[in-house]
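Step one of this worksheet: look at the structure below.
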Amino acid sequence: MSRQHADSGLERNLRRLLRRTPPPVGFRARLMRRIAATAEVRSRKGIRMPPFRLPMPTRRVWAFAGLAFACTLLAVLAGLGTGPTGNPTETAEARAERELAEVLQLAGSQWLRAQQAAFDPPQEYAND
Amino acid sequence: MTDSALRAKRARPATALAALLLALAGAATPVHAQEHDRGAALEFATLEEKADEVVKVNLWGRSLDQAKRLLGLRKNVTASVRGFLGGLKGVYRRTYRFRGAPASEDDVRPVHESLSDDGWVPMIETADRRGPESLSVYSYYEDEELAGMTVVSSDPREVTVVKILGPVDLEALSQIGRGLGIPLMNVATTGLSPVADPPPAK
């Protein structure tokens, strides 16, 4: 199939689609007419859109970007610092708790051993 | 009345107030410091010099309060253990481990002497006839009430001294020793053989 035939087929499809689409009415029609008129005037007078310009000097933009980056970095570092092991008070408390439990369990187990040795000696010594 | 006399008269209430505050502070501090001193005296230079590894735990004052509060919040803590924890005034541990030259009886003797000198009374003393292992429990009484307990265990590889200051509930301590009362933690009880079941009667 040649390109011309393909284009004509595409055009036919587009025309059919446009026929099905209802024409704009009311506000939409007015807006489209206004856009078309503005575009025609601009094209007639040779008016072109001005190039995009930043609302502030480039140096200031870079300064703001740098500041934002530094703040983000600080926030991330602070978040890492106050993670599970970042709170020194909590760690000291948890450590004290573990040490207390350990020492009491040690004392308790030794107290049981001493009790057993004193009041319930093994048979081999009980007969002495 | 001279100026100096007037000034002295005016200064008298302030001085008296300062003296009262100092006296109050002085009266409050020694009790706390005294309790700590009783535990801080747990220093044994001979053992420390000879040991390859030394473990020291000092829990008193704020650190002990925090530890008691956290431990008391745990789910499995029984009421008697919670009561026992509440009365604790100081908990100290010294563990000396020996990898090279073993600990001898002469090394451990200063521990027992020091405790006896400080008014600790031996409650239970056990010693293995076949080896240099020993286990002693000392008690401390204040106004005819048990106000502290020290356990000294020694074998050639390890000497451990555990001192508990405050009213000691022996039943609660037994519960803790059996692994009840407070959640079981990974306790470093190197050198401590588990409580052996008595042999069946012949």
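Per chain, numbering begins at 1; letters A, B, ... match sequence-line order.
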Practice task
Using a strict cut-off of less than 4.0 Å between a Lys/Arg side-chain nitrogen and an Asp/Glu carboxylate oxygen, indicate whether Lys68(B) and Glu97(A) qualify as a salt bridge.
Solution key: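 Looking at Glu97(A) together with Lys68(B), the answer is no, because their closest N to O distance does not fall below 4.0 Å.
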Exercise for the section: Please list, chain by chain and in numerical order, all residues satisfying salt bridge (charged side-chain N to carboxylate O under 4.0 Å, His left out) with Asp106(B), sequence neighbours excluded. Expected result: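 Counting only residues at least two positions away or on another chain, Asp106(B) forms a salt bridge (charged side-chain N to carboxylate O under 4.0 Å, His left out) with Arg109(B).
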Please give me the minimum heavy-atom distance between [X] and [Y], naming the atom from each residue.
| X | Y | value |
| --- | --- | --- |
| Ala94(A) | Leu70(B) | N-CD1, 4.0 Å |
| Leu135(B) | Ala114(A) | CD2-N, 3.5 Å |
| Ala107(A) | Ile164(B) | CB-CD1, 3.7 Å |
| Ser63(B) | Ala96(A) | O-CB, 3.8 Å |
| Ile124(B) | Ala118(A) | CG2-CB, 3.7 Å |

Problem - Student check: side-chain heavy atoms of Leu104(A) and Val162(B) closer than 4.5 Å - result: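 The answer is no, as the side chains (C-beta and beyond) never meet within the 4.5 Å cut-off.
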Handout entry: Leu88(B) and Leu100(A), any side-chain heavy atoms less than 4.5 Å apart
Key =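 Yes. Closest side-chain heavy atoms under 4.5 Å.
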Going from [atom1] on [X] to [atom2] on [Y], what distance comes out if it is rounded to the nearest 0.5 angstrom?
| X | Y | atom1 | atom2 | value |
| --- | --- | --- | --- | --- |
| Lys56(B) | Glu99(A) | NZ | CD | 13.5 Å |
| Leu112(A) | Ile176(B) | CG | CD1 | 10.5 Å |
| Gln110(A) | Thr126(B) | CD | OG1 | 10.0 Å |
| Gln105(A) | Arg178(B) | CD | CZ | 13.5 Å |

Problem - Exceeds 12 heavy-atom contacts within 6.0 angstrom, atom CD of Glu113(B) - result: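 Above 12, so yes.
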Problem - Neighbour count above 12 (heavy atom, 6.0 Å) for Glu105(B) CD - result: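 Counting other residues, nucleotides and ligands, CD of Glu105(B) stays at 12 neighbours or fewer.
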Problem - Working for side chain to side chain contact (heavy atoms under 4.5 Å, CB included), residues Arg93(B) and Glu102(A) - result: CA-CA 10 Å; Arg93(B) 174 192 177 182; Glu102(A) 281 181 5; 4.0 Å; yes
Exercise for the section: Please flag which part of Leu170(B) lies under 4.5 Å from any non-hydrogen atom of chain A: side chain, backbone, both or neither. Expected result: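 Both the backbone and the side chain of Leu170(B) come within 4.5 Å of chain A.
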Practice task
Any salt bridge (charged side-chain N to carboxylate O under 4.0 Å, His left out) involving residues 34-47 of chain A? Give me the pairs, sequence neighbours left out, ordered by first then second residue.
Solution key: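 Residue pairs passing salt bridge (charged side-chain N to carboxylate O under 4.0 Å, His left out), neighbours aside: none found.
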